[in-house]
Amino acid sequence: MCVAEKSSELFCGMTRYSLFPLQKRGGFVHYSIRISIINYTEKSLMDRSRIRNFSIIAHIDHGKSTLADRLLETTGALTDREKTNQFLDKLDLERERGITIKAQAVRLKYHADDGKDYVLNLIDTPGHVDFSYEVSRSLAACEGGLLVVDASQGVEAQTLANVYLAIDQNLEVFPVLNKIDLPGAEPARIKQEIEEIIGLDASDAVEASAKEGIGIHEILEAIVAKIPPPAGDAEAPLKALIFDSWYDSYQGVIMLVRIFEGTLKKGDKIKLMASGRSHEVLKIGAFSPHPVEFPEMAAGEVGFVIAGIKVLQDAKVGDTVTHFHKPAETPLEGFKEVKPMVYSGLYPIDSGEYDALRDAMEKLRLNDSSFSFEPENSLALGFGFRCGFLGLLHMEIIQERLEREFNMELITTAPTVRYRVITTKGEELIVDSANKLPDVQYIDHILEPFIVAAVHVPNEYVGGVLALCEEKRGIQREIKYLTSNRVMVVYELPLNEIVLDFYDRLKTVSRGYASLDYDFLDYRPSELVRLNILINGETVDALSLIVHRDKSQLRGRDLVERMKEFIPRQQFEVAVQAAIGNKVVARATVKALRKDVTAKCYGGDITRKRKLLEKQKEGKKRMKQVGNVELPQEAFLAILKVKE
Amino acid sequence: MSSLYIHVPFCRTKCPYCDFFSVTGQSSELTSYPERLLQQLSLAPNRERLQTPLTTVFFGGGTPSLLSPTAVATILNALETWPGIVSQAEISLEANPGTVNLENLLGYRAAGINRLSLGIQSLHAGFLERLGRSHSPEEATAAFRQARQAGFTNLSCDLMFGLPGQRRKDLMKDLEALLRLEPEHLSCYGLTVEEATPFYHLHRAGGLPLPEEETYRELYLSIQDRLLAAGYTHYEISNYARPGHACRHNLTYWRRQAYLGIGAGAHSFFPVGWGERWSVPPDLAAYAMQLERGEDPALMLESFDRRGAMAETLYLGLRTAEGVAEEAFIRHFGEGVMAAFPAAVARCGKHLALQDGYWRMDLAGWLIYDHLIEAFL
């Protein structure tokens, strides 16, 4: 046992299970690591008819993680000591948000009512729209899925999106109504909704409460009965799908694979078809949930493969593993490079922390190939990084991990998307930061990314959602009444409006009842301009934004008013302006400080009053000096929100 | 050490803006209090500290005028005996106008008090009531005249401004009335809402309409205009005096000179190392108990390092018109103000200047003193 203070091993592969439980003491995440990881070897189960590969499809908060834990408990995979909630969610951050960020596969042994032993591979999926590609690969590894729906909340947009993904991949999906014990549960209505909205037969849906342990046995039996065993030919050339991979500091890259064709043995030389790299298989096994090593795995099975791969980028999710000497002719379908959609600048508040920030980011990237960063320099903020994320949630997660696990104090600039700028010379520039936008005279036109967004919302909030989508420059595609009370609103929207404050606003207009799913659509020409923020006449580059021309004035006015509230008053007046080029579109003034004095200061006051000032000064250490004005973090955050 | 502060933490009623330590309705404790003070004074560490006769003694509160002239005389007689009081010593007593009459004023004078500080605060009945003061404007002016009659030639008045609803002309009326009394010294305090006072809670509940910053500024500047014209010097942010009448005791605080404080809630500053500040906990029962056991109730509040001492020297010294002498600063700390605090000096801009060997804050700087001085801390 040893105690680590760094979090880079949070996903440390073979040792993953023993990281649990995480405990935070004094700001550090402490966990134990068992170095001798694989304790015994057992023969992998070769009878494909006894294998069931499935995943759980659920909306955030609908109880997926709790259900997964119950399945682990009931099948005896977890010891009593391990029966802490949500075994599959490893990071405390994940646990706090109630979402699973990384996929994981657990092998459960189940002695079914028919008297036979089965192997159930539960393939966990991330539960957020930012990670939809990972979800699609996890689903591709399964034959079936449990659709878990909150018995009082009903079907949500994101659930629907994942169910469609599953159905498209010919998965056998059967519904489970969770939280049946809650007073607001309406199983009959929800069943009807599932049938109407998704078209799934919900007549024999299992009614369960993962929290109370109700219906768990029925779910296990349904998995055995309803989900077909995997097909595939163990003698065919190897085709294994990587549906998750991560970096472990002791083992290198660990891949989770589903073997579709052929057999993979320890010592085999393998080739990754997309990256073209070849490696030798060092270990094969499965998590049950503790790692167990096998000599080989054949078609239909799910498990981990360790092949001495040093960089995560070499074992991308969606890639196909085949034999080097007897390769498959074609890879499995569906591989795609996941590219960041949202960009923002991350700067250390203390510029002396630049190197520490880079180290921290490198550690995070070891386990997150979809997070990218490159050095960036801002006049206002000094040295920092321009970072790319899959989406806003991904961005928040990275930020929070940097702050919590690495104790970084950060200033984040407004998130932006990738624009394609066609210059007057006909060149195309990719612009992921307002400061990289060329001057107006060099721009012929700008293209911005559009998405298609599906919002599910109860009837009474449709008006608010429509107004929001219109305000966000949306183009309506469809309004569909799924049931008498549930509506699906489909809009084409510019992604830059989504990254701004769309989620928050959507929550507000629907009182939290709307859910959102979106897909990238295309790039479209758009009237975009750079909006600069000037403080006492000086442009603060880190506050510049790319906005639609029609909105620039409104946005500018809102921004300067908001900034004004956050800029502490100084000895002099501070002018906050929003400008497009040389044209000022909005102005606000932070009045000069006119009185700030302790009237009485005698013997008894001296220490106490001086300490008050010292404390006040301490609070200002988190400020960034811009020209002669001190800007607090909040002023930078102000730019992320728009007044409603 | 030649300055002594005596804290008298008793009041008839608590004023809603005051956060100094004092208790009400404990007359029995008041009776035994002078004895306790002398007990504290006679403790070994204090005997060691007080090696030279006192040049200033200050009875502060609370309401020191709740002590009888006899009690004051007992204390001062003891001090005469040891460590002694120099002949030109400044011996001040704070008095609430509602607690004095010609008789006890004569008694204080006879006991040796030679400077009286009257907590008049306002001469407007309505504002006095809002401030929770127990005296009327008439009582206040009468107290002043009686003090003169009693032979006090060094009188100070407290005046508060920036009161909720106070207009400039209300203040100027107060000021004119005070000037007619011709005090030697005036302390003019802008009302400050201190935490854990009734005013604090009232203010948080929105029930205390304090003046806008701009109004405060105007009132502050009007006071200075008027008092300079009347021949007073503005020698500290809130203090004015006729030439030669600046409060010598209070100047020891701002000059960061040593003083011993006795009484529950009193503070001391000792020139040990880079300076130590001590305080007696504001707890009368504990105070009495410890003294009975012969223990020193004072606790060390903070001990300074060089940097802290430098910062506090400026924090206190720049409150005064005298300012901080560069040469003395260098002599004491081994480097000049600019060398030690370049960024903070720069932040003060034109408000802080070195002239004739002294660093001084200008009037506009005093108005935003906390904002500017913070940079040195």
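To find a chain, count down the sequence lines: A is the first, B the second, and so on, and within it residues start at 1.
For CZ of A/Phe383, the number of neighbouring non-hydrogen atoms (other residues, nucleotides, ligands) closer than 6.0 Å is 12 at most. Residue A/Lys617 qualifies as enclosed at atom NZ: its count of foreign heavy atoms under 6.0 Å is above 12. In B/Leu363, the CG atom is crowded: over 12 heavy atoms of neighbouring residues, nucleotides or ligands sit closer than 6.0 Å. Taking a 6.0 Å sphere around CZ of A/Arg511, one finds it holds 12 or fewer heavy atoms contributed by other residues, nucleotides or ligands.
Interface with chain B: from residues 576-586 of chain A, no residue qualifies, criterion being any non-hydrogen pair under 4.5 Å.
To the nearest 0.5 Å, atoms OG1 (A/Thr607) and CZ (B/Arg277) are separated by 4.0 Å. For the atom pair CD1 (A/Ile606) and CG (B/Leu301), the distance works out to 10.5 Å, reported to the nearest 0.5 Å. One finds the CG atom of A/Asp596 at 10.0 Å from the OH atom of B/Tyr216 (value rounded to the nearest 0.5 Å). Remark: B/Glu194 CD to A/Asp605 CG distance equals 7.0 Å, nearest 0.5 Å. The distance from atom NZ of A/Lys595 to atom CG of B/Leu367, rounded to the nearest 0.5 Å, is 9.0 Å. In this structure, CG in B/Leu377 is found 14.5 Å from NZ in A/Lys615, a value given to the nearest 0.5 Å.
Of the two parts of B/His351, only the side chain, counted from C-beta on, holds a non-hydrogen atom closer than 4.5 Å to a non-hydrogen atom of chain A. B/Ala375 touches chain A through its backbone: at least one of N, CA, C or O sits under 4.5 Å from a heavy atom, while the side chain does not. Heavy-atom distances place both the backbone and the side chain of B/Ile368 under 4.5 Å from chain A. Within the 4.5 angstrom heavy-atom criterion, no atom of B/Phe161 approaches chain A. Neither the backbone nor the side chain of A/Lys591 comes within contact range of chain B; no heavy atom of the residue lies under 4.5 Å from a heavy atom of that chain. At a 4.5 Å heavy-atom cutoff, the contact between B/Cys348 and chain A is made by backbone atoms alone. Residue contact with chain A, scored on non-hydrogen atoms closer than 4.5 Å, is absent for B/Phe58. Only the side chain of B/Thr192 comes within less than 4.5 Å of a heavy atom of chain A; its backbone N, CA, C and O stay farther away. Proximity to chain A (any heavy atom under 4.5 Å) is shown, for B/Tyr5, by neither the backbone nor the side chain.
In this structure, B/Trp254 and A/Tyr602 have tilted ring planes: the angle between them lies in the 30° to 60° band.
Not one N or O on the side chain of A/Arg594 forms a donor-acceptor pair closer than 3.5 Å with the backbone of B/Glu214. Side-chain atoms of B/Asp370 come within 3.5 Å of backbone atoms of A/Thr598 as a donor-acceptor pair (strictly under, hydrogens ignored).
Most heavy-atom pairs under 4.5 Å with chain B: of the set A/Gln616, A/Lys600, A/Glu614, this distinction falls to A/Lys600. Ranked by heavy-atom pairs shorter than 4.5 Å toward chain A, the options B/Trp366, B/Tyr220, B/Phe21, B/Phe20 are led by B/Phe20. Considering only heavy-atom pairs separated by less than 4.5 Å from chain A, the leading option among B/Glu212, B/His249, B/Arg347, B/Glu236 is B/Arg347.
Taking all atoms of both residues into account, the shortest heavy-atom contact from A/Ala599 to B/Ser238 is O-OG, 2.7 Å.
Residues that satisfy the salt bridge (Lys or Arg N to Asp or Glu O under 4.0 Å) test with A/Lys611, not counting sequence neighbours, are B/Glu302.
In this structure the side chain of A/Arg608 reaches within 4.5 angstrom of the side chain of B/Asp19, judged on heavy atoms.
Tested against A/Cys601 for a side chain to side chain contact (heavy atoms under 4.5 Å, CB included), the candidates B/Tyr253, B/Tyr369, B/Tyr315 yield a single pass: B/Tyr315.
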